[in-house]
Amino acid sequence: MNIYYFIFLPVIIAILYSVYIIFWLKKQHGGDEKMKEISSAIRLGAKAYLNRQYKTVAVVALIISIALYFAFGWLSVLGFLSGAFASALAGYIGMNIAVRSNNKTTEAAKKGLASALSLAFKAGSVTGFLVVALALLAVSLFYFLTGDIKVLISLSFGASLISVFARLGGGIYTKAADVGTDLVGKVESGIPEDDPRNPGVIADLVGDNVGDCAGMAADLFETYAVTLTAAILLGFLTIGITGIYFPLALAGVAILASVIGSFFVKLGKKQNIMNALYKGLVASLIISAVLFYPITKFYFPETYLPFYFSALIGLAVMVLMVLITDYYTAKKFRPVQSIAKASTSGHGTNIIMGLAVGMESTFLPIILISAEVLLSFWLAGLYGIAVSAMAMLSAAGMIVAIDSFGPITDNAGGIAEMTKQPEEVREITDSLDAVGNTTKAVTKGYAIASAGLATLVLFVVYTEELTAFVKNIEFKLQDPYVIVGLFLGAAIPFIFASIAMKAVGKTAGSVVKEVRRQFREIKGIMEGTAKPDYGVAVDIVTKASLKEMILPALIPIVAVLAVGLLLGAKALGGFLIGSLISGIFLAISMTSGGAAWDNAKKYIEAGNLGGKGSDTHKAAVTGDTVGDPYKDTAGPAINPLIEVMNIVALLIVKFLK
């Protein structure tokens with residue numbers, strides 16, 4: 001069968017189905033005027049933020065494009081801009097659908113849990129399907145039109161750049177708005193979360209979309225495009241043309257599997273929301289496993305089993321990674337409950353236990369990733385690792401759909417609170433929101449593991465490419481340049497995360513000042529007789545987060561250029577491995593630990609250990625405040641950080657000595 005059928009037919013189906021969902025969503029009822037008004041305010045705030053963000057990124061992209069033109073030519077510039085545009089487009093469309101579906105989810109909750117779940121998931125699936133469809137389309141189309149696989153490195157660089165900015169800017173925005181709003185609203189003034197009297201509440205709801213929807217879309221778009229590119233490059237170097245076509249075909253049929261799998265997302269008799277979402281994910285994986293078999297046999301008729309089993313290992317690791325992350329972040333398991341119990345003795349013990357859980361959560365994922373690398377290597381060599389990584393990303397469409405479900409339901413809960421919907425509606429939106437918090441954590445765990453494997457494959461490609469320009473190069477641990485590179489690389493994720501955390505604290509401080517000012521100067525806010533100025537808070541967070549994202553976003557580019565051009569190829573090799581090792585540990589610890597802190601607070605709010613308003617709850621709120629920038633800003637942004645460093649290293653290989 002022609003390779004074009006494997007690629008473009010699933011892409012067309014995914015895009016057409018997304019368009020169908022968009023038109024279906026337009027017909028759904030948006031609730032009363034108050035609900036529409038709040039949804040409109042969120043939409044305008046999110047749109048204003050993304051427009052400003054992309055204008056800021058465009059300036060950086062222009063400067064990089066000029067450098068790429070003089071170093072590599074116009075084709076490299078075209079690839080870079082294509083990757084950046086496709087990544088930005090996926091996030092932009094997905095976020096626009098999400099902010100138009102929040103009030104409709106609240107309205108659907110009046111009909112029951114099944115209706116609200118169905119609408120929120122369908123809205124999120126638009127982002128999921130567009131991310132994988134546009135990523136595969138961009139990579140495959142660019143390769144077929146140019147016939148140059150090296151240009152795909154520039155395309156991946158463009159996607160990575162957008163991802164770093166989207167993750168950082170969106171992460172700083174969402175957590176600064178969340179922390180600042182909660183500190184003055186819940187902690188100081190004693191008003192509920194998402195209370196319409198809080199001037200920062202719209203900024204907080206906007207943040208859910210620009211961080212967890214647009215940010216995650218750009219993140220997984222980049223990981224998908226980078227992993228596919230790495231598999232293609234390694235496949236060409238080790239196998240030839242078949243090594244290029246095989247990962248493209250796997251990606252194509254996996255998109256089809258995700259679209260079919262989405263129809264399995266349905267509530268069962270037990271009304272378990274998480275199980276309903278997992279049904280769709282499991283169905284996608286099973287269909288992928290079935291479809292991978294004929295594809296593998298088609299491309300490797302004599303030796304198909306090692307490659308097929310490598311793909312199955314990727315699928316299995318993906319399932320186990322989801323289960324491990326779920327264990328460390330869901331309310332019903334020991335880690336979250338241990339943080340909640342620690343809160344009974346105060347704020348300090350909550351922080352200590354939260355940090356401990358975050359550190360503990362790194363061990364099993366690392367064991368899992370190590371096993372995947374060894375097993376797939378034993379089966380099919382270095383290319384087996386690339387196949388396993390690509391298979392692991394085969395469920396990316398469903399994963400992003402499940403992730404985007406989170407901010408939609410979070411917003412729906414906020415709208416229900418602000419418009420004083422009946423208790424039964426609020427209970428439904430709260431239950432959806434609680435699950436959304438876990439799905440976001442699961443997605444981040446999946447993204448980190450995928451990024452780690454993609455980075456490992458990129459490093460292999462780096463070493464292979466290097467031999468063409470630097471003869472007889474070896475990376476030995478007794479070489480001081482390799483050791484220095486390891487140390488420098490391991491330091492980068494820490495300094496990067498530190499700057500991101502400080503940016504959240506600084507921006508949150510601006511929100512705190514503004515909310516306090518409005519409480520002080522606008523008489524009647526607390527009584528509900530006067531309306532807060534939501535727009536000022538939104539504007540403050542937008543400007544501050546965009547300003548704060550520039551420096552950390554440039555770190556991966558500047559660091560690689562400095563190490564590579566000043567210390568040479570050996571030091572840069574050590575640098576890439578050092579950043580991968582420290583980065584994956586730090587990212588998992590931050591994202592899982594932060595989510596565990598958040599759900600420990602929700603566990604107490606559900607009526608356990610004293611419930612809302614108790615001293616235990618206050619301690620849990622403190623932990624959640626610390627965990628917010630951990631899980632939604634610094635932790636997730638480490639994914640694109642380590643990938644963009646490897647991409648830049650591949651770009652400058654020919655300039656190294």
Side-chain angles (χ1 to χ4, degrees), residues 175 274 316-374 392 434 437-453 490 493-494 496-498 500-501 578-604 608-609 616 619-639 642:
K175 289 304 108 182
M274 203 72 195
V317 168
M318 189 256 149
V319 172
L320 292 171
M321 193 70 201
V322 166
L323 293 176
I324 290 169
T325 310
D326 188 40
Y327 172 72
Y328 277 101
T329 57
K331 292 186 291 183
K332 60 184 176 181
F333 297 116
R334 174 193 59 82
V336 167
Q337 291 184 16
S338 68
I339 298 174
K341 287 173 185 173
S343 306
T344 58
S345 52
H347 301 253
T349 46
N350 169 284
I351 299 297
I352 292 168
M353 187 58 73
L355 289 171
V357 167
M359 292 175 191
E360 181 193 323
S361 69
T362 63
F363 184 68
L364 289 178
I366 294 301
I367 294 293
L368 197 60
I369 293 167
S370 301
E372 179 178 9
V373 169
L374 289 175
M392 192 175 173
N437 190 54
T438 301
T439 62
K440 287 185 284 187
V442 165
T443 306
K444 291 182 182 87
Y446 166 79
I448 292 163
S450 303
L453 276 173
F494 284 91
F496 176 84
S498 169
M501 291 281 286
S579 65
L580 168 61
I581 298 302
S582 76
I584 199 166
F585 275 95
L586 191 60
I588 293 172
S589 176
M590 284 183 146
T591 52
S592 294
W597 257 318
D598 193 344
N599 271 343
K601 180 197 71 174
K602 284 183 167 61
Y603 177 76
I604 294 166
N608 300 297
L609 304 172
T616 303
V621 169
T622 300
D624 180 37
T625 304
V626 175
D628 270 344
Y630 252 53
K631 70 180 174 68
D632 289 326
T633 307
I638 292 172
N639 298 354
I642 59 177

Inset, instruction - Check step by step if side-chain contact (heavy atoms from CB on, under 4.5 Å) holds for Tyr603 and Lys332. - result: CA-CA 8 Å; Tyr603 177 76; Lys332 60 184 176 181; over 6 Å; no

Legend entry - Residues Ser343, Leu609; criterion side-chain contact (heavy atoms from CB on, under 4.5 Å); working and verdict: CA-CA 9 Å; Ser343 306; Leu609 304 172; over 6 Å; no

Inset, instruction - Mark yes when over 12 heavy atoms from residues, nucleotides or ligands other than Lys331 sit less than 6.0 Å from its NZ; otherwise mark no. - result: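 Yes.
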
Inset, instruction - Assess whether atom CZ of Phe363 is packed by more than 12 heavy atoms of other residues, nucleotides or ligands within 6.0 Å. - result: no

Should [X] and [Y] count as side-chain neighbours, where that means a heavy-atom distance under 4.5 Å?
X	Y	answer
Ile351	Val626	yes
Val373	Leu453	yes
Ile584	Ile369	yes
Lys444	Asp632	yes
Tyr446	Thr325	no
Ser592	Val357	no

Inset, instruction - Can you tell me which residue pairs pass the salt bridge (charged side-chain N to carboxylate O under 4.0 Å, His left out) test with a partner in residues 578-587, sequence neighbours excluded? - result: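 Sorted result for residues 578-587: empty, none.
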
Legend entry - Derivation and outcome, side-chain contact (heavy atoms from CB on, under 4.5 Å), residues Lys602 and Asn599: CA-CA 5 Å; Lys602 284 183 167 61; Asn599 271 343; 3.6 Å; yes

Inset, instruction - Could you walk me through whether Ile366 and Phe585 pass side-chain contact (heavy atoms from CB on, under 4.5 Å), step by step? - result: CA-CA 8 Å; Ile366 294 301; Phe585 275 95; 3.6 Å; yes

Inset, instruction - Evaluate the ring planes of Tyr630 and Trp597, with Trp represented by its six-membered ring, and classify them as parallel (under 30°), tilted (30 to 60°) or perpendicular (over 60°). - result: perpendicular

